[in-house]
Amino acid sequence: MHAIDLAFGLILDPYVLMVMIMAGLFGLFMGAIPGLSATMATALLVPVTFFMDPVPALAAIVTATAMAIFAGDIPGALLRIPGTPASAAYVDEAHAMTRRGKAELALGVSLSSAIIGGLFGSAVLASSAPVLADIALNFSSFEYFWLACMGLTCAAFVASDEPLKGFVSLLLGLFIATIGIDPMSGFPRFTFGNVDLMGGINFIPAMIGMFALAEVIRSVTTVNPQPKAPQERIGNVFKGLGPVLGRYKLNLLRGSVIGTLVGALPGAGSDIAAWISYAVSKKFSREKEKFGTGHPEGIVDAGSSNNAGLGGAWVPALVFGIPGDSITAIVIGVLYMKGMNPGPTVFLYHPELIYAVFLSFFLANLLLFPLGLLAIKSSKQLLHVPRGVLMPLILMFCIVGTFAINNTVFDVGVMLVLGLIAYMMEENGFPVAPAILGLVLGPLLEDSFMTSMIKSDGNLLAFFERPIAAGLGVVTLLIWIAPLFIHLRRRYASPAGDV
Amino acid sequence: MKVNDAVPGAILIAFAAGVLYQTLSFPPMPGQDYGPALFPQIIGILMVISGLALVVRGLRTRRGSGAAGGPTAGGRMLEVADWMQSPAHLANFALLIALLIFYILVAKPLGFIPTSFLVLAALMTRLRGLRHLGSSLAIAAVATLAIQQMFGVILRVPLPWGILPPVSW
């Protein structure tokens, strides 16, 4: 219990609380503005957290993402444009409510289901992570190899419409991770004698380029004009909220459970959790015909689901070092920078830090109440910020944030190149998140693979000799074979043979 | 700019070939069968396979229907995005990239404050038009000083001073 006392002390520090409130306001702003996502908020926050202690750094990320995922609902309801991809599943529903004059209720339902879902995800994280960490303590390089494989596979296959393109993106990330001095042999790979490349491609410039700069490029080249800010005033969001929540309390629970599970699945984050929950809600609803006409039921499910997914995604990230989504991929990079190598040992050596992270999850979701209300009240001003001012400022943040890590403009060049590549990739349907996951997990994958190969003298069967490794390996292989199987079945189903 | 899947496929194969060629010169680890070349080689081979799959798929859609749409250029080899036909948006894009390169080249000799001001003012003026010149310049100046204060003073990032004397306030 000593560690929990320490954790309370760490989190209830006035400095940490101030950081959380600032990060919360930043997250609300980023989430509420269409085109700026929770992932981008995290990417831009990392250079600032670089200079903080682990607890305020992680608490800032936790708070900013929780706020951003909720704030994405605000333009969704008012403008029919999702503020972040996690709100995309139910923008039509929320906007239909606004058209029927129930904007307050839509936002109230969004906010309260976000808080409940977020608290549920936090509770699951806090209760399951230490248990899983106990099991993970027995893992060897074989288990870690399969875990990394499984995480990366899910990222490439589950999280994108086109598995092949997701896989290519992943390979690109894995390749970038091999640049620099090989830790095993000390040999510099793909550096072409360049000193800056010896240390490898730092993940912060890579991530800022791929998540933030690519978005700035997209924004300045977009032909669509900025949407008009809504004119109506937002009244009392609590009016009529109680009966709705009471009626759909089972939906709250179902959305939270689905969100946490999907979030914990490597590669699938809040956005996919929201889509699945919305679909489940519609399928099992007694009033299916009302969906799409401004019916709050689906918003309850999906709104709690996407915030619950945030907590769920941290479970594999903290326990195994396998990110659940692109936000936790960034978090894992931050953990390595802070010397808190994610994995079960962090629960042994720094339990107070882990408990402090759990506490920051609960606190962030409670903070969502006052700050979320504030964001709803000021939504008119938030949505009024002109893109022509915002984008140059974000660009300068990208530059300075990148420079701040190693104090070199070489990193700014890395950001520029990777930002351009990411922009071109997304234009052509290649998802970017697998590349970041590959970049972050590449060293773990290579290290566990090489260690296992050397231990077993190149005998690939050794990868299946330990029971847990065998189980993980079989599941991973099944995920690899599944698309082929589906492809063949479809082929036999359609006589023309064109798929 | 959307291209037929065959194009990224071909680029990927060429890139992987370069990677594989490079790994040939990696030294083996003494006393071990597996050296620093193994892992990049596996990635390179997987890249070639996925590149081939992309090329096959791209050529198949090209031979099939000519219908465009979806995330790829479909039937055509190259589909120019809407913004590329608009000189205004092309200029936005070119200026953004040029300003980043400008920053990389001159931030050190010129210093952070003048460079950041120029970058912000130029991009804001371009995006908002000359009508808002006054406010753009003002925002650029305030934002530059705010970023300098936040990163340079509070977070102690050694932002270059360049031509300005290194004053601290």
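From a predicted model like this one, the values you see are computed outputs, not experimental measurements. Labels below follow one simple rule: chain letters A, B, ... track the order of the sequence lines, proteins then strands, and each chain is numbered from 1.
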Review point. D196(A): what forms a salt bridge (Lys or Arg N to Asp or Glu O under 4.0 Å) with it, not counting sequence neighbours?
Key: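 Counting only residues at least two positions away or on another chain, D196(A) forms no salt bridge (Lys or Arg N to Asp or Glu O under 4.0 Å).
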Exercise for review: With sequence neighbours left out, write down each residue that passes salt bridge (Lys or Arg N to Asp or Glu O under 4.0 Å) with R126(B), or none if nothing qualifies.
Suggested key: none
Give the minimum heavy-atom separation between [X] and [Y], together with the two atoms involved.
| X | Y | answer |
| --- | --- | --- |
| S50(B) | L164(A) | CB-CD1, 3.8 Å |
| F151(B) | A404(A) | CD2-CB, 4.2 Å |
| P392(A) | M124(B) | CG-CG, 3.5 Å |
| S25(B) | F187(A) | O-CZ, 4.4 Å |

Check your understanding: Would I217(A) and L96(B) count as a side chain to side chain contact (heavy atoms under 4.5 Å, CB included) if you check the C-alpha gap in whole Å, the side-chain angles of each, and the deciding distance to 0.1 Å?
Key -> CA-CA 8 Å; I217(A) 298 177; L96(B) 177 70; 3.6 Å; yes
Exercise for review: Just do the side chain to side chain contact (heavy atoms under 4.5 Å, CB included) check on L120(B) and L395(A) with the steps written out, would you?
Suggested key: CA-CA 8 Å; L120(B) 286 175; L395(A) 176 74; over 6 Å; no
Side chain, backbone, both or neither of [X] within contact of chain B (heavy atoms, under 4.5 Å):
| X | result |
| --- | --- |
| I405(A) | neither |
| T221(A) | both |
| I399(A) | side chain |
| L213(A) | side chain |

Review point. Any idea which of V119(B), T125(B), V19(B) has the most non-hydrogen atom pairs under 4.5 angstrom with chain A?
Key: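 The residue among V119(B), T125(B), V19(B) with the greatest pair count is V19(B).
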Review point. If you count heavy-atom pairs under 4.5 Å between each of L12(B), I139(B), I42(B), L54(B) and chain A, which one has the most?
Key: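 The candidate making the most pairs under 4.5 Å is L54(B).
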Just wondering, do [Y] and [X] contact through their side chains at under 4.5 Å, heavy atoms?
| X | Y | value |
| --- | --- | --- |
| L174(A) | L46(B) | no |
| F403(A) | P160(B) | yes |
| F50(A) | L155(B) | no |
| V220(A) | L95(B) | no |
| M391(A) | L123(B) | no |
| V389(A) | H132(B) | no |
| F51(A) | R156(B) | no |
| R57(B) | E162(A) | yes |

Review point. Which of residues 103-110 of chain B get closer than 4.5 angstrom to chain A, counting heavy atoms alone?
Key: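 Counting heavy atoms that sit under 4.5 Å from chain A, the residues of residues 103-110 of chain B involved are Y103(B), I104(B).
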Heavy-atom pairs under 4.5 Å with chain B - which of [options] has more of them than the others?
| options | value |
| --- | --- |
| V216(A), I454(A), L390(A) | I454(A) |
| L170(A), V409(A), L171(A) | L171(A) |
| M450(A), M415(A), M424(A) | M450(A) |

Check your understanding: Which word best sums up how the rings of F15(B) and F175(A) line up, parallel for under 30°, tilted for 30 to 60°, or perpendicular for over 60°?
Key -> perpendicular
**Study point:** Ring geometry between F449(A) and F39(B) (parallel below 30°, tilted from 30 to 60°, perpendicular above 60°)
**Key:** tilted
Review point. Passes side chain to side chain contact (heavy atoms under 4.5 Å, CB included), M47(B) versus V168(A)? Steps please.
Key: CA-CA 7 Å; M47(B) 276 181 171; V168(A) 169; over 6 Å; no
Revision key, fill the gap. The interface call for P28(B) against chain A, heavy-atom contacts under 4.5 Å, is neither
**Study point:** Contact class of S86(B) relative to chain A, heavy atoms under 4.5 angstrom
**Key:** neither
Exercise for review: Quick one: which residue pairs count as a salt bridge (Lys or Arg N to Asp or Glu O under 4.0 Å) with a foot in residues 171-183 of chain A, not counting sequence neighbours?
Suggested key: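 Qualifying pairs: D182(A)-R189(A).
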**Study point:** Proximity of F26(B) and F190(A) rings by center, below 6.0 Å
**Key:**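 Here the rings of F190(A) and F26(B) have centres that are less than 6.0 Å from each other.
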